[in-house]
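Below: one structure, written as structure tokens.
Just so you know, ligand 1 is whichever comes first in the structure, and atom 1 is the first atom listed for that ligand. In this text the structure is predicted, and so the values were computed from the model without any measurement.
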Amino acid sequence: MNHVVIIGFMGSGKTRAGKQLSKDLGLQFVDLDKLITKKMNLSAREIFEKFGEPYYRALETVALKQLIQDSERKVISLGAGVPLQEQNEKYLKELGTIVYLKGSLTTLKKRLADSKKDPMLDGEDRDDKIKKLLKQRDPVYQKFADIQVVTGEVPFEELIKEIEEKLSTYEKNS
Ligand SMILES: Nc1ncnc2c1ncn2[C@@H]1O[C@H](COP(=O)(O)OP(=O)(O)O)[C@@H](O)[C@H]1O
Ligand SMILES: O=C(O)C1=C[C@@H](OP(=O)(O)O)[C@@H](O)[C@H](O)C1
Ligand SMILES: [Mg+2]
């Protein structure tokens, strides 16, 4: 399918940017986390606590497969962990054009400092955890990215414009 797919670390702005892009492009918006939490009637943290992380990962994969079958083009914001799961690799490649919202460690630490919603940041020192996970995840996001933009350095509206321009160029050439 040729969906517009947004990937990136927690706090990179996947959900916010996805909503704006869907409005501008006149496409339906899907947030993969929202799809899962709505269906389960539980938050991501509650699903992690009740059933464990592997269960959440399985729900992500099921949702991805459904979106590949969906013939109506959409803007899809993925959860930050989706590209890290080996079983998702082939589905991600089939899903559409992948936009990586890249945030620096400084930007992400700032945005995530008070966020309570992410179970992946529970436990150890939050800044250390962000640093460790970003080091592990950034190369994976880069590997999947058809388009990359840096968040945190320009105003939101400019960032969206940059994504739209890059998408248009990418699609013309592919
Ligand atoms: N370009 C941006 N500039 C400043 N703050 C942003 C930007 N994009 C997102 N945010 C803020 O960062 C936080 C995380 O955004 P969100 O879209 O939920 O990220 P994600 O879905 O990638 O975890 C929110 O408070 C959001 O308003
Ligand atoms: O980093 C992760 O593994 C996760 C990120 C979350 O999504 P956001 O990227 O929207 O925060 C959500 O999917 C879940 O809590 C797991
Ligand atoms: Mg999100």
Side-chain angles (χ1 to χ4, degrees), residues 4-24 29-40 42-64 67 74-89 91-92 95 98-124 126-141 144-145 147-164 166:
V4 174
V5 183
I6 314 197
I7 63 170
F9 203 77
M10 291 165 267
S12 59
K14 301 180 294 299
T15 300
R16 184 176 173 196
K19 275 186 194 158
Q20 187 60 49
L21 283 171
S22 81
K23 270 192 207 143
D24 294 355
F29 174 61
V30 173
D31 188 87
L32 202 80
D33 290 317
K34 196 73 196 283
L35 205 68
I36 292 170
T37 55
K38 214 170 142 194
K39 205 162 162 186
M40 296 291 288
L42 294 168
S43 68
R45 170 171 284 102
E46 286 168 333
I47 301 172
F48 268 63
E49 282 170 4
K50 274 187 188 238
F51 305 108
E53 183 182 343
Y55 188 80
Y56 195 83
R57 300 304 176 198
L59 293 175
E60 288 179 323
T61 303
V62 169
L64 270 186
L67 286 165
K74 293 177 170 46
V75 175
I76 303 169
S77 295
L78 297 181
V82 171
L84 277 295
Q85 306 302 309
E86 223 179 296
Q87 76 267 18
N88 294 336
E89 181 162 347
Y91 303 123
L92 259 179
L95 202 56
I98 312 255
V99 180
Y100 173 24
L101 267 185
K102 185 179 169 88
S104 69
L105 183 59
T106 311
T107 297
L108 296 170
K109 275 198 221 164
K110 216 185 296 165
R111 288 203 198 145
L112 293 168
D114 302 317
S115 161
K116 306 260 183 302
K117 76 168 183 57
D118 288 302
M120 289 301 289
L121 299 179
D122 290 350
E124 8 168 349
R126 177 168 286 235
D127 283 359
D128 285 351
K129 189 84 190 267
I130 295 170
K131 190 174 175 186
K132 203 160 75 185
L133 278 177
L134 184 63
K135 197 170 168 209
Q136 175 202 8
R137 290 176 168 195
D138 174 67
V140 181
Y141 298 145
F144 282 108
I147 291 168
Q148 182 172 305
V149 291
V150 176
T151 179
E153 291 183 0
V154 294
F156 180 71
E157 296 68 26
E158 256 177 61
L159 182 76
I160 296 298
K161 216 169 123 210
E162 189 185 339
I163 298 173
E164 289 169 356
K166 287 189 169 170

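Among all non-hydrogen protein atoms, the one lying nearest atom 11 (O) of ligand 2 is K117 NZ, 2.7 Å. Among protein heavy atoms, the minimum distance from atom 10 (O) of ligand 2 is reached at D33 OD2, 3.3 Å. Shortest contact from atom 9 (O) of ligand 2 to any protein heavy atom: K14 NZ, 2.7 Å. Looking only at protein heavy atoms, the nearest one to atom 14 (C) of ligand 2 is Y56 CE2, 4.0 Å. Of all protein heavy atoms, the one lying nearest to atom 15 (O) of ligand 2 is P119 CD, 3.3 Å. Looking from atom 4 (C) of ligand 2 to the surrounding protein, the closest heavy atom is M120 CG, 3.9 Å.
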Could you walk me through whether T151 and R16 pass the side chain to side chain donor-acceptor pair (under 3.5 Å) check?
-> CA-CA 12 Å; T151 179; R16 184 176 173 196; over 6 Å; no
Stepwise, does the salt bridge (charged side-chain N to carboxylate O under 4.0 Å, His left out) test hold for E158 with K161?
-> CA-CA 5 Å; E158 256 177 61; K161 216 169 123 210; over 6 Å; no
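Between A80 and ligand 2, a contact under 3.5 Å exists for at least one N or O pair. The shortest N or O to N or O distance between G11 and ligand 1 is under 3.5 Å.
The residue L133 has no part lying near ligand 2, judged by heavy-atom distances below 4.0 Å. At a heavy-atom distance under 4.0 Å, only side-chain atoms of R137, from C-beta outward, approach ligand 2. Heavy atoms from both the backbone and the side chain of T15 come within less than 4.0 Å of ligand 1.
Here the shortest heavy-atom pairing between I7 and K14 reads C-CD, 3.6 Å. Counting all heavy atoms, side chain and backbone alike, F29 lies closest to T15 at CZ-O, 3.7 Å. When all heavy atoms are compared, the tightest approach of E53 to M120 is OE1-SD, 3.8 Å. Shown here for V5 and L92, the closest heavy-atom pair between the two residues is CG1-CD2, 4.4 Å. Heavy-atom minimum distance, R126 versus A113: CD-O, 4.0 Å. The shortest non-hydrogen separation linking L159 to V154 is N-CG2, 3.9 Å.
When each atom of ligand 1 is checked for a heavy atom of F9 under 4.0 Å away, the hits are 22 (O). Set against the non-hydrogen atoms of F156, the atoms of ligand 1 under 4.0 Å away are 1 (N). Distances below 4.0 Å separate heavy atoms of T151 from the following atoms of ligand 1: 1 (N). Counting the atoms of ligand 2 from 1 in the order shown, those under 4.0 Å from a heavy atom of E60 are 13 (O).
The nearest non-hydrogen atom to atom 3 (O) of ligand 2, considering only R57, M10, E53, comes from R57. Considering only non-hydrogen atoms, atom 15 (O) of ligand 1 lies nearest to G13 out of S12, P155, G13. Taking all heavy atoms of M10, R111, R16, K14 into account, the minimum distance to atom 27 (O) of ligand 1 is reached by R16.
Not a single heavy atom of R45 lies less than 4.0 angstrom from ligand 2.
Considering only heavy atoms from C-beta on, D138 comes within 4.5 Å of Y100 through its side chain. At least one side-chain heavy atom of I130 sits less than 4.5 Å from a side-chain heavy atom of F9. Between L42 and F51 the shortest side-chain heavy-atom distance falls below 4.5 Å.
Metal site remark for the Mg ion (ligand 3): S77 contributes no N, O or S atom at a distance under 2.8 Å.
Atom 9 (C) of ligand 1 lies below 4.0 Å from at least one non-hydrogen atom of the protein. Distance screen at 4.0 Å: atom 20 (P) of ligand 1 has a protein heavy-atom neighbour inside the cut-off.
Rounded to the nearest 0.5 angstrom, T107 OG1 and L112 CG are separated by 10.5 Å. S43 OG to K116 NZ: the interatomic distance, rounded to the nearest 0.5 Å, is 14.0 Å.
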